[in-house]
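Scroll down for the structure; my scribbles are underneath it.
In listed order, ligands and their atoms are each counted from 1.
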Amino acid sequence: MGEPPPLVALDDVSVVFRTRSGLFRSSALRAVDGVSLAVTRGETLALVGESGSGKTTLGRVSLRLVAATWGRVSFDGRDVTDVAEEQLGWLRRRAQIVFQDPFSSLNPYMRVAELVGEPLLIDGVRSRQERLERVHRALEAVDLVPAARAAAKYPTAMSGGQRQRVGIARALVRDPEYIVADEPVSMIDASSRIDILDLLRGLQLRRGVAFLYITHDIASARHFADRIAVMHRGAVVELGDAGAVIDRPVHPYTRALIAAVPEPDPANRHRRRAVGGADGADGDFRVVEGCPHGPLPGGRRPVLLDMPGDPGHFVACHVMSAAGATAPG
Ligand SMILES: Nc1ncnc2c1ncn2[C@@H]1O[C@H](COP(=O)(O)OP(=O)(O)OP(=O)(O)O)[C@@H](O)[C@H]1O
Ligand SMILES: [Mg+2]
């Protein structure tokens, strides 16, 4: 027997959106560009990158909520790329999503008991008693206690942090193995953010749930994630253990993201820099010093290469054209 397959595997996945740009014209936007990435059982993989880099699309394609235009997606070794939605009931139970906005993602006319119990109804759990027990267990797992009291509330009577706990309980009630948490704390007050991230970390450690944690905030990824994948313009440009990526960033885009983290010490504020540079050009991010094998000839795409002496740390080395100019990434 070989190694078990990763829980989630993306193999050279691209997602192209066609948008209408006129009556008869449409344009194509490559939101995800040739990404290969695996999430192993029980790990937290953070996906960081600026707005529009393709994080949400990548998370959704990993759940087969968005179709891959090219490439393969598999879950627990089963290829789900072309499986019809009616055949995906098992995946809908085993993989879940927690949304960014706990205000718009929860129906304000449903009580917490119904919101959290709804996935069980969809799954055909007929026994009211069993649904109630599982709802209470999920509420306790997110520290909404006493569960019976929380279950009777409407989300409108709750704080942002509490609502997000309801969203997490709704994801947990099916006992999933994989949860995509898409900016789960960006819309809640700063004082509750750490609590929610600690809660997710606890679920990962105690229940072995694997998370894809999507965030702009590379600093939070350091504390919350085992590994970090940095996304830039639809591609993963750096991947590795959280400590390696943050302490030894190689790709210039990763370095820029780290440099853009607000500096708490006013004396060092002048070091703050916006990602993308003053002119907003991406050219700075193409040349990677320290690329293990130097620029590769031919081809157009950056290639993820293992850094020598730093196992598991991968960096996209952009490819030089024959003329010696850096190819667009
Ligand atoms: N359904 C869609 N149709 C057309 N274009 C889309 C669609 N969804 C996303 N896009 C485009 O794909 C690109 C990537 O979007 P995505 O939402 O994945 O980025 P993101 O990294 O999650 O950004 P943010 O941090 O703002 O949430 C963007 O240019 C976006 O406008
Ligand atoms: Mg997003």
Looking only at heavy atoms, what is the nearest atom pair of Val8 and Ser62, with distance? CG1-CB, 4.0 Å

Give every pair formed by an N or O atom of ligand 1 and a protein N or O atom closer than 3.5 Å, one pair per line with both atom names and the distance to 0.1 Å, or write none.
from     : atom 1 : to     : atom 2 : distance (Å)
ligand 1 : 18 (O) : Thr57  : N      : 2.9
ligand 1 : 18 (O) : Thr57  : OG1    : 2.5
ligand 1 : 19 (O) : Gly54  : N      : 3.3
ligand 1 : 21 (O) : Ser53  : N      : 3.2
ligand 1 : 21 (O) : Ser53  : OG     : 3.4
ligand 1 : 21 (O) : Gly54  : N      : 3.0
ligand 1 : 21 (O) : Lys55  : N      : 2.9
ligand 1 : 21 (O) : Lys55  : NZ     : 2.8
ligand 1 : 22 (O) : Thr56  : N      : 2.9
ligand 1 : 22 (O) : Thr56  : OG1    : 2.8
ligand 1 : 23 (O) : Gly52  : N      : 2.8
ligand 1 : 25 (O) : Lys55  : NZ     : 2.8
ligand 1 : 25 (O) : His216 : NE2    : 3.1
ligand 1 : 26 (O) : Ser51  : OG     : 2.5

Carboxylate-amine/guanidinium contact Asp226 Arg201, below 4.0 Å: yes

Could you work out, with ring pair (Phe, Tyr, Trp, His ring centres under 6.0 Å) as the rule, every residue matching Phe314, not counting sequence neighbours? none

Does a side-chain heavy-atom distance below 4.5 Å link Val250 with His313? yes

Can Asp123 and Arg174 be counted as an ion pair, charged N to O under 4.0 angstrom? yes

Would you say that Ile228 contacts Leu239 through its side chain, given a criterion of any heavy-atom pair below 4.5 Å between the two side chains? no

Parallel, tilted or perpendicular: rings of Phe211 and Phe224 (30°, 60°): tilted

With side chains defined as the heavy atoms from C-beta onward, is the minimum distance between Met187 and Gln164 less than 4.5 Å? no

Apart from Val145 itself, residues in the same hydrophobic cluster as defined by side-chain heavy atoms under 4.5 Å: none

Listed protein N/O/S atoms, distance to the Mg ion (ligand 2) under 2.8 Å: Thr56 OG1

